[in-house]
Every structure is written in C-alpha cells, then in structure tokens.
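Scroll down for the structure; my scribbles are underneath it.
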Number of protein chains: 4
Amino acid sequence: MTGRPRDPAVDDAIRRAALELVGEHGYRGVSMEAIAARSGVSKQAIYRRHASKGEVMLDAQAAFARTRLPTPDTGDLREDLLALLEETFSGQRGVNGALNRALAAEALQDDAFSELLNERLIRQRRDAVRLILARARERGEVAHPSDDLLIDLVFGPMWYALLLDPGKLTAEYAATLTDAVLAVARSHGRPESRTNSPTSGNTAG
Amino acid sequence: MTGRPRDPAVDDAIRRAALELVGEHGYRGVSMEAIAARSGVSKQAIYRRHASKGEVMLDAQAAFARTRLPTPDTGDLREDLLALLEETFSGQRGVNGALNRALAAEALQDDAFSELLNERLIRQRRDAVRLILARARERGEVAHPSDDLLIDLVFGPMWYALLLDPGKLTAEYAATLTDAVLAVARSHGRPESRTNSPTSGNTAG
Amino acid sequence: MTGRPRDPAVDDAIRRAALELVGEHGYRGVSMEAIAARSGVSKQAIYRRHASKGEVMLDAQAAFARTRLPTPDTGDLREDLLALLEETFSGQRGVNGALNRALAAEALQDDAFSELLNERLIRQRRDAVRLILARARERGEVAHPSDDLLIDLVFGPMWYALLLDPGKLTAEYAATLTDAVLAVARSHGRPESRTNSPTSGNTAG
Amino acid sequence: MTGRPRDPAVDDAIRRAALELVGEHGYRGVSMEAIAARSGVSKQAIYRRHASKGEVMLDAQAAFARTRLPTPDTGDLREDLLALLEETFSGQRGVNGALNRALAAEALQDDAFSELLNERLIRQRRDAVRLILARARERGEVAHPSDDLLIDLVFGPMWYALLLDPGKLTAEYAATLTDAVLAVARSHGRPESRTNSPTSGNTAG
DNA sequence: GTTTAAACGAGACGGTACGTCCAGTCTTGAA
DNA sequence: TTCAAGACTGGACGTACCGTCTCGTTTAAAC
C-alpha cells in the first residue's frame, strides 16, 4: 500500500537538467526525452511528477525564484518601486529570462498553464507591488484608485519588452517607467478638464 | 532564368486554410501538414514561402490586418487614444486574439520570429499611436518627452492581459488605461521635487 | 538496462503486411509507409528492426523459405539435381518470384544488401547443392574439382532467366540444365588435349 | 510547324552527366534532378528524350558500348570463347560494371525495361557467342544441340557474379567457365547411362 | 523477516508531424 | 518547337518526440 517512496534526488536531477538544457538550446530545443537523457532519469519518472514540459520548467524556475522577491520599504514610493523594478529587470537576463519568456509562451497557448503560472509566479510579484503601494497610499502618495492598474503599468511593459526586445530592460528603463507609474499614481484616474483653467482643481472640491 | 512565376492563388489558399484551421483547432492544433491538406497545396509550396508555421500565420494575420488600422483624428488626444484602444482591444477577441497570442508565444521562443513580428505587425500599431501623439503634441497636449514610453504604456498592458487574462480587455479597461496614459503624457517624465516640504501637497491646490 | 522486450507479434505483422503488399502492388509499389499502415505497426518499430525496405522483404522471404529447402538423396546425382532444380524453378513463380527478382535488384544496387542476401538466402541454397554434390562425389559421380563452379552453373542461369525471361524456368529447362551440369561434373575441368590429331574425334568412339 | 530542332549537345550533356554521377554516387544515388543540375539541362529536356532514369542510363551505356563487341575467330572454340569472356569480364569493372548492375536492377523490376535492355544490349552479346558457336559447330566442335543453353551457361554465371560478387570476374574464372562450357558443348545434351559400361557408346550407334 | 506495492532505468510501442527530396508536369520568356 | 528556369502536386523518406506500456530490479514501509 505504501510502496517505495519517491526519490527526491530524482526531482533535483530533473530540475537541474531542465535548466541546463534551456540554457543550451532554448526552451524550444528542449524535449522531455532530452531532459530524461540528460538527467539520467526515466521518462516515466518525469511524467509521474509533471504533466508537461511547461510544468517541469515552472517547477525548476519556482525552485530557483522562491529564494528572492524583496519588497523594499524606504518610506518613499519612488525609491521602493525603482528598487523593485531594477531588481526584477536585472533578473530577466540570462537563463532566467529565457525561462520566463518560455513560461509566458506556454501560458499564451494553454489557459490551464496560464492559470498555474499566475498562481505560482505572477501573483507573488503583483502582491509585492501591491504591498509597496499600500504603504505609499497610507503616506498619501497615491491618489489613483486602482492598485491593479498601477501594477499592470509596472509589469505590462516588462513582459512587452520581454516579447519584443529583452535588451530594453535596463536600469534606465526602470527609472523612466517608475516615473511614469508615479505620474499615474498621483493622478485621480479620471480625465482632467482639458481647458487647463487654474480653477480645474476646484472641480474636485 | 525567369522560370514559372509563383501562383498568387497558392498564397491565398495557404492563408485561408491557416485561418480556418486556427479557428477550428487553435494554433497548437494546426500543423503544416494540415494546412497543406486543407489548402490543397503541397508542403513544398508552403515551405517555399514560409520557414515555419509561425510565418504562415503571421502572413495570414498581416494580410487581414493590413486592411484596417484606423488612426482617429478628433482633435482630442483622449478621444483619439480611446477610440484606438477600444478598436484594438475589441479586435483581440475570438480567432484574432487567439492568433495574436500564438504569434506572441512564437516570438517569445524565437528571436528571428520576434524580429519579423515586430516588422510586420507591431511597428504599424506603434506608428499609429505615434501619429496620434505627434498631433496631440502639436496641440500642446503632451509634455512627456518620450513617445516610445507612452506607446509602451499603451501596448504593454494589452499584451500582459493577453498573457494572463484576455477577458480583461474591455471597453472599460480601455478607458482606464487611456486616462493613465494621459496622466503620463501630461507629466514631464521626471520626478517632481521630492523635497517633501509639508506644503508640497498644496501645489495641486 | 533490460527495457521492454521486443514484441514478436510486431515482427510477424511486418512480415505479413510486406508479403501481402508485394502481392498486391509489386515490390516497387510498396513503401515503408504502407507496410506500417497495413501492419498496424509504427514506422519506428520497423526501422528499429530493418534498415530498408529490402531488409524487410528479405526477412519476410527468409522466414518463409526457412521452412522448405529439400535436399533430395536418391543415390543418383541426376535425380537429386533435377528434383532440386524443378522445386526451385517452380518456386520462382508468382509472388515469390517477384520477390526474388526484387531482392536481386536491391542487391545489385547495394553491396551491403548483397552481402545480407548472400548470407540469408543464397548461401543456404548453395549449401544444399553442395551437399548433393558431396554425396555424388563419394559415389564417384563427380570428376570436376570445383563444387563452386558447378553451383554457379546451377544458379547462374536461373538468375539470368529471372532477369530476362522468368517464363523460361520450366521443368524442361530444369532437365536441360541438369544434364549440362552433369556433363561438366563428369569432366575434369581442364581442357582436353587440343593437339588436334585428326583422330581426336575417335576418343569418344 | 517545324520549330526549333533539338540540340545534340543536350543529348551529350545528359549522357556525360549521367555517367559522371553514376561513377560518383552509384545508380541509386542518381536522380533525374541531379542529372539536370549537373548537365545544365532542364528536366524537361531530359524527359523529352527519355522516359525514366533507366533509359537515360541505357542510352549512356549504349553510346559507350556500341564501339566494342569483338567476335574473335581463331579457328578454335576454346580460344574464341576465352577471348570473348576475358574481354567481357574485364569490361565489368569500374563505372561500366556499376552501370550494368544498375541496368539489370532496373530490368528486374520493370518488364518493359527488361525488354528494352534485351534488345539494346543483351541480344548483341548473345549473338556474338552464337556466331562463335556456329563456326565451331561447322568445325565439329559442338555436339550439344542447343546454342541457347550454351549461351546461358556463358552469361548466366556472369550476371550471377555481378549480383553477388563482381570481384569474381577474373581471367581465371573466365578460363574455368570456358572449360565448363566446352564440356557441355562436347556432350550430347542427354544423360549418358550411369552404368558406365564400355558399351554405353553403342546406345547411340 | 518476509511480504507487498510503488518507484526506478530501460526501452519498445502506436502516433503524429517534421522538413527534405524527387518524380513528373506545367508555365513562363527567350532563342 | 526547343531551351533554362523554376513553380507545382503528390508521395515517400527517415527522424524526432509524444505519452503510454511493459520489463526486471530496487527500496522501504507494513506485517
């Protein structure tokens, strides 16, 4: 009834092989077959744990990513955001970036996987920003009513860059984007009058 | 030296079959083999034109998209942007949306294809926004120095939504996003003084 | 290290399908693809066993031929040879003959396959004749020093007929050829004196 | 109505390319496509002249072979035969041998081609031997009633060797085979009594 | 200790698609 | 009408993975 317990070394071997192979051949160029061969593990053992290549990769990624995720708290929204963005952007280089792109690719073609990715990776990042915003909101730095939109403005351009030009994710771009998000955060999220009369402020009063 | 010229009817048949099949089985469920069978065209003929399934789809998509692409000119940035976004968002439903997601997935896994996608699809959309921004800038509606950032703020969240939750792309989200972009456009793109005099809040008053 | 053992039923299915298809469409008209389809076996499974269509056919042929191969022992060389030749010639009709011709064709174009054909089919037939000759030699019926030449005289004309006119392989031709081989067997394999004395004709008298 | 006449240079180019390619890649490894490419001639031009690769090769071969074909007339059957066989055997080396094997392969799988091969190549060789035999018969050197059988004994083993072991076609084998044919030629083609009584000669008397 | 049951490697299995090659035909423009 | 060029359909090639299925062996908990 109990049977032989799963060997944790097998899990590790799979993760290790997966990451190596992505580094060498890209996500596309990796097959379950190759992971099995490289890891010295049978295909059966992999399929016992993961339903698809995507899940293998997500597992490998999560095992790595779990360590990080800082939520700076400097008392200043701009500094907090900037720190988070710089950290996040710089993490999109190398194998890690390749893996992220691959996971996104998988999610784009498979709703169930999209769900999974959201749960295991995306949500945590969004929550980190949400926490920063909550603190800033208490300090009166945020006028905009929707955290979610602000978060979209943070990560949307990041994934967009990952899609078209990963090289764009520099510290400079992080700063530019931070300032843009700040501008929105300070706004009320409703169109101001375009007449620009000095009394426009009164409409809110 | 001349040889028999390519038959344009073949190009059309390929495009038509590709779109039909994506509609029926999704991008994943389409194979070059199936496209050839459905279109009554030989695989050779397809490979002569396109290097991969992605290119076939991109070509089919581009042939459709070429017809549209409105650049509203109402004399008001908010209205122009909103119109474009609503139009674009509503175009991400159904087969077209599925196709866009698939193309993005492909681009995420293949740099060469990413390039191609940029050239044939992305650039045109960005240019449409760029034109709208240029007109608004002349009218004094845009203070932010970088068109590119503003454009990133328009399309970044769109692709981000396509990745995680395509259902998010409603007219309402278009409006919310438009206002956010406007807020940034009106800003100077540089952080406001953070000297944090207790009266700083009054500047808005 | 052990792995799942090969399924002998697969071997059989391949052989059966191969023979059926040769009967229906001729060797030329058979493809690996068709063998796989007809046998309900994957192409992989076939290529795991055989490197080419030729090998598949040879295997099928050999599996059949293995059952037969009589070596008559009547105590008389002529009768033994005649029986073997009649049996062999009559076996070159219908599908079997077509198959033999095809195997020969394959061998003519591929040295490695020639080798294989020799090992698996030809050698056994030659050995059958060799055995007959050995017994006859003990009885003093064979003067010619070379078994191999005598065997060549048996099978050479057979393949030659298969090449140019398979219909020639009648019982009558078997008899004629048998007598010719006998004539050589009784000779010493060296030219008789050609001193050409006018009386040399008398030696036969 | 007359149109442009065919360019004989095209015929030559085809033949030349065909022979070159057979030499380089073997008959198997030659395609109409390759012949066209190598010769700088369009596929159309080839198909206008020849119905198949086999016919191209037969044409190329015939253009070469037409020059030779000696029918020695030394006044002695053995010498005539030996000369012919040595000449013929030595001609089966190199490209020529490869071509002959290929033509045979083609004939084995295609009755129409077999016919053609017979007409254009085989018949002439048989006739050469037939002529030699006729002269010998007049000199009383041939007792056997059937020229055709004797000819089969000459060429059968040759093709047989070509099939299984072309290296066998040495001058020595030519001699051995010649002697065997001679033995048959001197026989009556009917089985002698095996009792070997000295009176056996009388049965014919 | 012995059972017992699951995990393990190896690798065969039916499928499906891949991207390539060649056959034989057709279509262009030039000679 | 031929010619070189090259597009065209059709079909098979041999390969690569997929996810599943035996095999024989190993391992640890339950008896």
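Here is how names work: the chains are called A, B, and so on, in the same order as the sequence lines, proteins then strands, and each is numbered from 1.
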Query - Which nucleotide in F/dA4, E/dT25, F/dC13 has an atom nearest any side-chain atom of D/V41 - result: F/dA4
**Report entry** 5'-most by nearest nucleotide on DNA chain E - A/V10 or D/A34
**Finding:** A/V10
Requested in this report: Between B/A45 and C/G29, name the one whose nearest nucleotide on DNA chain F is closer to the 5' end.
Outcome: B/A45
Query raised in the report: Quick one: is F/dC3 close enough that its OP1 or OP2 comes under 4.0 Å of any side-chain N or O from D/R49?
Result: yes
Query raised in the report: Going by modelled atom types, is there a donor-acceptor pair between the base of E/dG29 and the side chain of B/T2 at under 3.5 Å?
Result: no
Query raised in the report: In whole angstroms, how far is the C1' atom of E/dC21 from the NE2 atom of D/H25?
Result: 14 Å
Query raised in the report: Within the structure, does a side-chain N or O atom of C/R48 lie under 4.0 Å from either OP1 or OP2 of E/dC13?
Result: yes
Requested in this report: Would you mind reporting whether C/R49 and C/V10 have side-chain heavy atoms less than 4.5 Å apart?
Outcome: yes
Requested in this report: Take the protein atom CD1 of B/I35 and the nucleotide atom P of F/dT9, then report the distance between them rounded to whole Å.
Outcome: 14 Å
Query raised in the report: Between C/S31 and C/Q44, who's closer to the 5' end of DNA chain F by nearest nucleotide?
Result: C/S31
Requested in this report: May I ask you to say what A/S42 touches in the nucleic acid, namely base, sugar-phosphate or nothing, with a heavy-atom cut-off under 4.0 Å?
Outcome: base
Query - Polar side-chain atom of D/R101 near backbone of D/L162 as donor-acceptor pair, under 3.5 Å - result: yes
Query raised in the report: Roughly, in whole Å, what's the span from OH in C/Y47 to P in E/dG14?
Result: 15 Å
Report task. Write down the distance between CG (C/D11) and P (E/dA12), rounded to a whole number of angstrom. Result -> 12 Å
Report task. Take the protein atom CD of A/E33 and the nucleotide atom P of F/dT15, then report the distance between them rounded to whole Å. Result -> 15 Å
Requested in this report: In whole angstrom, give the distance that lies between atom CZ of B/R6 and atom P of E/dG29.
Outcome: 17 Å
Query raised in the report: Does a distance-only test, which skips hydrogens and angles, find a donor-acceptor pair under 3.5 Å between the side chain of B/R4 and the base of E/dT27?
Result: no
**Report entry** Whole-Å distance separating the CD1 atom of D/I46 from the P atom of E/dC22
**Finding:** 13 Å
Requested in this report: Would you check if the side chain of D/S114 reaches a backbone N or O of D/L108 as a donor-acceptor pair within less than 3.5 Å?
Outcome: no
Requested in this report: Side-chain contact test, heavy atoms from C-beta onward, threshold under 4.5 Å: evaluate it for B/I35 versus B/M57 and give yes or no.
Outcome: yes
Report task. Would you mind telling me which of F/dC13, E/dG19, F/dG14 lies closest to the side-chain atoms of B/M32? Result -> E/dG19
Requested in this report: May I ask you to decide if D/A36's main-chain N or O and D/K43's side chain share a donor-acceptor pair within less than 3.5 Å?
Outcome: no
Requested in this report: Answer with yes or no whether A/K43 presents, from its side chain, a donor or acceptor under 3.5 Å of a partner atom in the base of F/dG19.
Outcome: yes
Query raised in the report: D/D7 side chain: which of E/dG9, E/dC21, F/dC3 is closest?
Result: F/dC3
Report summary line: C/R28 atom CZ is separated from F/dA12 atom P, nearest whole Å, by 14 Å
